[in-house]
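Numbers for residues simply follow the sequence, beginning at 1. Atoms within a ligand are numbered from 1 in the order they appear, just like the ligands themselves.
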Amino acid sequence: MRLRKVPYAPTLISKHPSLVYTTPEERKGHWAAVFMNNSPIEVEVGCGKGQFIIEMSKRHPDKNFIGIEKYDSVVIRGLEKLLANPLDNAIFIQKDATDIDEFFVPAEISGLYLNFSDPWPKKRQAKRRLTHPNFLNKYKIILKNNASIKLKTDNFGFFEYSMMQFNSDNAFFVKEISMNYHGAKDNVPTEFEEKFVEMGKPIFYLHAVYHKENLI
Ligand SMILES: C[S@@+](CC[C@H](N)C(=O)[O-])C[C@H]1O[C@@H](n2cnc3c(N)ncnc32)[C@H](O)[C@@H]1O
């Protein structure tokens with residue numbers, strides 16, 4: 001899908017540094033201070049236009065949510081939603097998540113969401129998949145013990161690949177999978193999910209739990 005450039009995105013983002021963080025490494029270890037509380041922090045990697053993060057924040061005021069999105073022309077839509085309906089417990093990071101372990105100190109994060117991540121189907125692109133072992137190893141650093149990673153996708157190839165990566169890593173336990181996640185209780189649909197559901201496509205779901213002690 002081609003990205004439509006939003007010319008005013010960099011300027012608007014620069015005007016709201018407390019809602020969209022473009023140098024997250026500077027806040028590493030200090031996100032509780034950013035939210036001004038010690039509630040658990042959950043992160044969506046590749047949050048797109050922010051619908052999921054914002055709805056989760058409304059439904060779970062006892063938690064903090066961070067959406068990471070690499071493109072300013074996309075995250076700007078999340079920022080606009082926050083400006084229209086301010087929330088204390090939702091912010092965005094605009095940066096490629098490849099260096100996610102530079103954004104957070106060890107065990108700073110209580111949960112991770114991978115919603116409709118780009119599948120990068122070609123073999124030579126495998127390292128870009130958000131469930132490539134390079135990413136899983138970084139998630140293991142920033143996640144608290146017993147934290148969950150919840151993944152939803154319409155792409156069976158990416159689902160199968162991700163399941164294999166979690167299964168072959170001792171530190172993760174795949175607690176639940178679903179081959180048809182439509183209408184699951186408490187599900188918060190994302191922008192992409194709504195499109196795929198409308199098209200009648202199945203939604204694949206995986207819930208993995210991180211067990212730090214199994215690393216040893
Ligand atoms: C297919 S969209 C899904 C968006 C949203 N999660 C949803 O379900 O509607 C994937 C998004 O992830 C972002 N993305 C992909 N790889 C990323 C990375 N390494 N770091 C940050 N964002 C990334 C893309 O720019 C894109 O906006």
*Asks:* With no hydrogens and no angle check, just 3.5 Å: does a side-chain donor-acceptor pair link Thr98 and Asp96?
*Replies:* yes

*Asks:* Who passes side-chain contact (heavy atoms from CB on, under 4.5 Å) against Val197, sequence neighbours left out?
*Replies:* His182, Glu193, Ile203

*Asks:* Is the ring pair Tyr205/Tyr181 parallel, tilted or perpendicular, if the boundaries are 30 and 60 degrees?
*Replies:* parallel

*Asks:* I'd like to check the side-chain contact (heavy atoms from CB on, under 4.5 Å) partners of Asn134; sequence neighbours left out, ordered by chain and number.
*Replies:* Lys127, His132

*Asks:* Would you please name every residue forming a side-chain contact (heavy atoms from CB on, under 4.5 Å) with Pro133, sequence neighbours left out?
*Replies:* Tyr161, Gln165

*Asks:* Kindly print each ligand 1 N/O atom paired with any protein N/O atom under 3.5 angstrom away, one pair per line, or none if nothing qualifies.
*Replies:*
from: ligand 1; atom 1: 6 (N); to: Glu44; atom 2: OE2; distance (Å): 2.9
from: ligand 1; atom 1: 6 (N); to: Gly46; atom 2: O; distance (Å): 2.8
from: ligand 1; atom 1: 6 (N); to: Asn115; atom 2: O; distance (Å): 2.9
from: ligand 1; atom 1: 8 (O); to: Asn115; atom 2: O; distance (Å): 3.4
from: ligand 1; atom 1: 8 (O); to: Thr190; atom 2: OG1; distance (Å): 2.7
from: ligand 1; atom 1: 9 (O); to: Thr190; atom 2: OG1; distance (Å): 3.3
from: ligand 1; atom 1: 9 (O); to: Glu191; atom 2: N; distance (Å): 3.4
from: ligand 1; atom 1: 9 (O); to: Phe192; atom 2: N; distance (Å): 3.0
from: ligand 1; atom 1: 19 (N); to: Asp96; atom 2: OD1; distance (Å): 3.0
from: ligand 1; atom 1: 20 (N); to: Ala97; atom 2: N; distance (Å): 2.8
from: ligand 1; atom 1: 22 (N); to: Lys70; atom 2: N; distance (Å): 3.2
from: ligand 1; atom 1: 25 (O); to: Glu69; atom 2: OE2; distance (Å): 2.7
from: ligand 1; atom 1: 27 (O); to: Glu69; atom 2: OE1; distance (Å): 2.7
from: ligand 1; atom 1: 27 (O); to: Glu69; atom 2: OE2; distance (Å): 3.2

*Asks:* Any salt bridge between Lys49 and Glu191, counting N to O under 4.0 Å?
*Replies:* no

